[in-house]
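What follows is one structure encoded as structure tokens, with my remarks underneath.
Atom set for the values below is all heavy atoms of this structure, side chains included, hydrogens, waters and symmetry mates excluded.
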Amino acid sequence: RSAEGLLPWCFRVFLFFTPRPSCTAMFGLPAAQLFYGIQSVSLIVLWMIIFLTGGGDLYQHALQTPVISRPSWLHLSLAVRLRARPIYLSACYSLPVLLAAAAAQPDCRPLCVVVALVASLYGMLESAGTTSHRDYAMVYNTWAFALLPSVWAEGVALGVCIHFVTSSGFAKLHIGGRAWVRPASLRCVLREYRVLDLQAGGPWSPILCDFVSSRDWCLFVMNLLTLLLECVLVPLALVMPLPYRLAVAACMLLLHVGIFVFQSAIIGIFFLPNVASYFVGFGADLSSGGGDAVDGLLQFFGPARLAAVSVCLASAAGVALRGFRLLAENWPLTPFALFGYSGPQWEALLLHLANGRTRLVLTSDLDWDPVGLVVLSRQMRGGTVSMPPVLYDAWNLCIGDTTVHSEILEAVDFEAMARSPAGAFEASGLVAGVSRWLRERRRLVELATGRPLVGAYFVELAKERFFSLPDPPGRCDARVVWEWPPLVGASPPIRSRGLLWGGSPSETSVARGRKHLGRI
């Protein structure tokens with residue numbers, strides 16, 4: 001109680017509603033019951049919000065994607081079969097019901113295992129189609145409550161929260177470095193989403209978005225607070241008393257509210273299902289769990305805290321074993337690299353891969369001549385579907401806002417990108433690195449044919465034509481489909497020389513692929 005006097009008055013409300021030893025105790029319900037109940041309600045509320053605001057069926061959107069990203073351990077043909085509409089929709093619609101049943105019978109281990117299996121199937125298929133990171137924490141925690149005693153599962157829930165949030169902070173420092181804290185990093189993100197309407201993923205308040213984007217001090221403070229939260233406060237939750245952990249949980253909720261207001265309302269809402277993990281994790285009972293524990297260090301490290309420490313150590317060991325590279329983006333693992341580029345990196349990527357005339361595109365057949373083919377892009381959920389032969393825009397497929405593979409990241413020469421004007425980037429190294437990753441990993445699968453994507457090209461679009469997401473897709477004169485709007489106020493991109501780098505690199509070198517004269 002002596003710690004209560006040190007808390008700001010605005011956080012003392014948590015203490016009023018939170019008796020010791022955990023926040024779950026105030027409901028008089030087991031932690032597992034609260035987790036399952038809140039998780040079920042949050043998934044239903046998320047679906048209803050999207051449906052009532054005109055977005056239609058949340059789960060139908062993801063079925064529109066023509067390419068999925070399979071886990072490396074899952075056979076290619078099985079990944080395609082599991083992505084079939086009946087299987088995917090059955091997992092989506094049954095999960096909230098099963099979670100509600102588990103909330104009613106939290107001591108029924110077979111039911112909890114079934115919930116964990118269905119949650120895993122749902123999370124894997126959802127991530128494969130949309131590269132979403134929303135459901136990872138739910139999957140981890142359903143297995144914790146299915147297999148472990150409740151006191152250990154609560155500690156795992158705290159460790160999971162620390163693991164994912166701190167991974168996101170580490171990714172920002174690893175990719176963007178110290179430059180990430182500068183105003184340009186957040187400004188690029190806000191401007192990219194500012195041009196979208198609300199349903200397409202734009203901010204809840206464009207006015208406030210513009211206000212923040214035009215003030216360097218606001219952007220710097222937001223970036224600094226984000227790094228302090230993800231890299232300092234959340235890891236310290238491992239040793240904090242309950243009131244401080246609840247304050248950290250409140251900061252996490254404020255972070256999502258800020259994303260909702262300033263950046264993207266949809267992204268802010270999509271993380272609603274994480275409330276269950278925040279509530280049970282940051283509100284976990286970290287006491288020794290019994291009166292037999294001796295005073296001092298052994299009492300401090302009760303079973304729940306030991307479980308949380310174990311999760312954090314496993315996370316740190318995974319990074320260390322990879323030579324302090326990011327964790328693999330390979331479900332159920334993820335580096336949780338959310339918007340980790342610095343300002344100059346953002347500008348270079350958007351200029352050459354997203355908003356200009358040039359694109360990095362992927363193919364399932366290197367025998368196809370890419371000139372004149374349709375280029376399909378991935379949207380926030382789903383994408384444009386067209387029968388092969390087509391090309392697939394790599395942005396948000398294997399590299400993008402929140403999609404980061406270490407092998408591809410290492411193939412990106414940000415300095416060369418930044419020095420090159422629009423249309424003049426010499427992309428042979430990037431094409432070679434991406435082609436090698438596609439061929440060796442075979443992670444991206446074309447659903448129409450069941451074949452992996454095996455090669456990359458760097459192409460110039462024949463004619464720009466942009467569409468807002470609510471509008472139907474269209475075709476340009478040269479059969480190019482593109483659906484992501486450019487930055488507001490961006491100058492017309494410079495026409496390149498029309499050299500297209502592509503093909504599959506040799507096994508022993510990363511030399512340039514063959515040149516294609518012409519434009520796509």
Side-chain angles (χ1 to χ4, degrees), residues 24 27-52 55-63 68 71 74 78-79 81-130 132-158 160-161 164 269-281 283-284 331-332 334 381:
T24 57
F27 293 101
L29 298 173
Q33 197 166 18
L34 284 173
F35 171 75
Y36 289 128
I38 296 173
Q39 194 70 69
S40 175
V41 171
S42 64
L43 288 174
I44 295 172
V45 170
L46 174 63
W47 187 93
M48 292 182 63
I49 290 174
I50 300 300
F51 182 81
L52 294 177
D57 188 343
L58 171 67
Y59 303 123
Q60 295 285 349
H61 299 168
L63 289 172
I68 61 172
L74 184 65
L78 181 57
R81 291 191 180 98
L82 289 176
R83 185 59 181 177
R85 178 182 293 267
I87 297 177
Y88 173 71
L89 292 181
S90 296
C92 293
Y93 296 138
S94 65
L95 182 57
V97 178
L98 290 171
L99 286 166
Q105 298 291 333
D107 296 326
C108 181
R109 291 291 177 179
L111 175 60
C112 293
V113 171
V114 170
V115 170
L117 288 171
V118 175
S120 300
L121 178 63
Y122 162 74
M124 180 184 67
L125 296 179
E126 175 73 10
S127 177
T130 65
S132 168
H133 298 85
R134 180 191 65 223
D135 303 302
Y136 279 81
M138 174 189 69
V139 173
Y140 283 38
N141 287 329
T142 54
W143 281 110
F145 281 106
L147 302 178
L148 300 174
S150 181
V151 63
W152 288 90
E154 287 186 68
V156 169
L158 175 59
V160 166
C161 291
F164 283 119
I269 292 173
F270 276 172
F271 273 86
L272 182 63
N274 285 281
V275 170
S277 296
Y278 293 160
F279 185 84
V280 175
W331 195 94
T334 175
R381 292 185 61 82

With distance as the sole test, does [X] use its side chain to make a donor-acceptor pair with the main-chain N or O of [Y] at under 3.5 Å?
{"X": "T142", "Y": "V139", "answer": "yes"}
{"X": "Q39", "Y": "P273", "answer": "yes"}
{"X": "R83", "Y": "L125", "answer": "yes"}
{"X": "Q33", "Y": "P106", "answer": "no"}

First locate atom [atom1] of [X], then atom [atom2] of [Y], and finally report the distance between them rounded to the nearest 0.5 Å.
{"X": "Y93", "Y": "Y59", "atom1": "OH", "atom2": "OH", "answer": "8.0 Å"}
{"X": "F270", "Y": "I50", "atom1": "CZ", "atom2": "CD1", "answer": "4.5 Å"}
{"X": "L158", "Y": "E154", "atom1": "CG", "atom2": "CD", "answer": "10.0 Å"}
{"X": "L121", "Y": "C92", "atom1": "CG", "atom2": "SG", "answer": "8.5 Å"}
{"X": "L99", "Y": "S42", "atom1": "CG", "atom2": "OG", "answer": "8.0 Å"}
{"X": "Y122", "Y": "L95", "atom1": "OH", "atom2": "CG", "answer": "7.0 Å"}

Residue R109 excluded, over 12 heavy atoms near CZ under 6.0 Å: yes
Given side chains that start at C-beta, do those of [X] and [Y] come closer than 4.5 Å, heavy atoms only?
{"X": "H133", "Y": "S127", "value": "no"}
{"X": "C112", "Y": "P110", "value": "no"}
{"X": "V118", "Y": "S94", "value": "yes"}
{"X": "N274", "Y": "D135", "value": "no"}
{"X": "L63", "Y": "L89", "value": "yes"}
{"X": "Y36", "Y": "L98", "value": "no"}
{"X": "N141", "Y": "V280", "value": "no"}

Ignoring hydrogens, what is the shortest heavy-atom contact between [X] and [Y]? Give both atom names and the distance.
{"X": "S277", "Y": "C161", "answer": "O-SG, 3.3 Å"}
{"X": "G129", "Y": "I68", "answer": "CA-CG2, 4.4 Å"}
{"X": "L148", "Y": "A153", "answer": "CB-N, 4.3 Å"}

Listed by chain and number, what are the side-chain hydrogen bond (donor to acceptor under 3.5 Å, both in side chains) partners of S120, not counting sequence neighbours? W143
List the residues meeting side-chain hydrogen bond (donor to acceptor under 3.5 Å, both in side chains) with Y278, not counting sequence neighbours, and say none if there are none.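 Checked Y278 against side-chain hydrogen bond (donor to acceptor under 3.5 Å, both in side chains); matches are H256.
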Using side chain to side chain contact (heavy atoms under 4.5 Å, CB included), reason through I87 and R81 one step at a time and then give a plain yes or no. CA-CA 8 Å; I87 297 177; R81 291 191 180 98; 5.6 Å; no
Quick one: do L272 and R134 satisfy side chain to side chain contact (heavy atoms under 4.5 Å, CB included)? Show the steps, please. CA-CA 9 Å; L272 182 63; R134 180 191 65 223; over 6 Å; no
Pairs where residues 98-118 contributes a residue and the test ring-ring contact (aromatic ring centres under 6.0 Å, His included) is met, not counting sequence neighbours: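 Residue pairs with at least one partner in residues 98-118: there are none.
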Using ring centroids (six-membered ring only for Trp), state whether F164 and Y140 fall under 6.0 Å.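 Here the rings of F164 and Y140 have centres that are less than 6.0 Å from each other.
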Taking side-chain contact (heavy atoms from CB on, under 4.5 Å) as the criterion, tell me which of V45, I44, I38 meets it with V41. V45
Please work out which of the three classes, parallel, tilted or perpendicular, describes the rings of F35 and F145, given edges at 30° and 60°. parallel
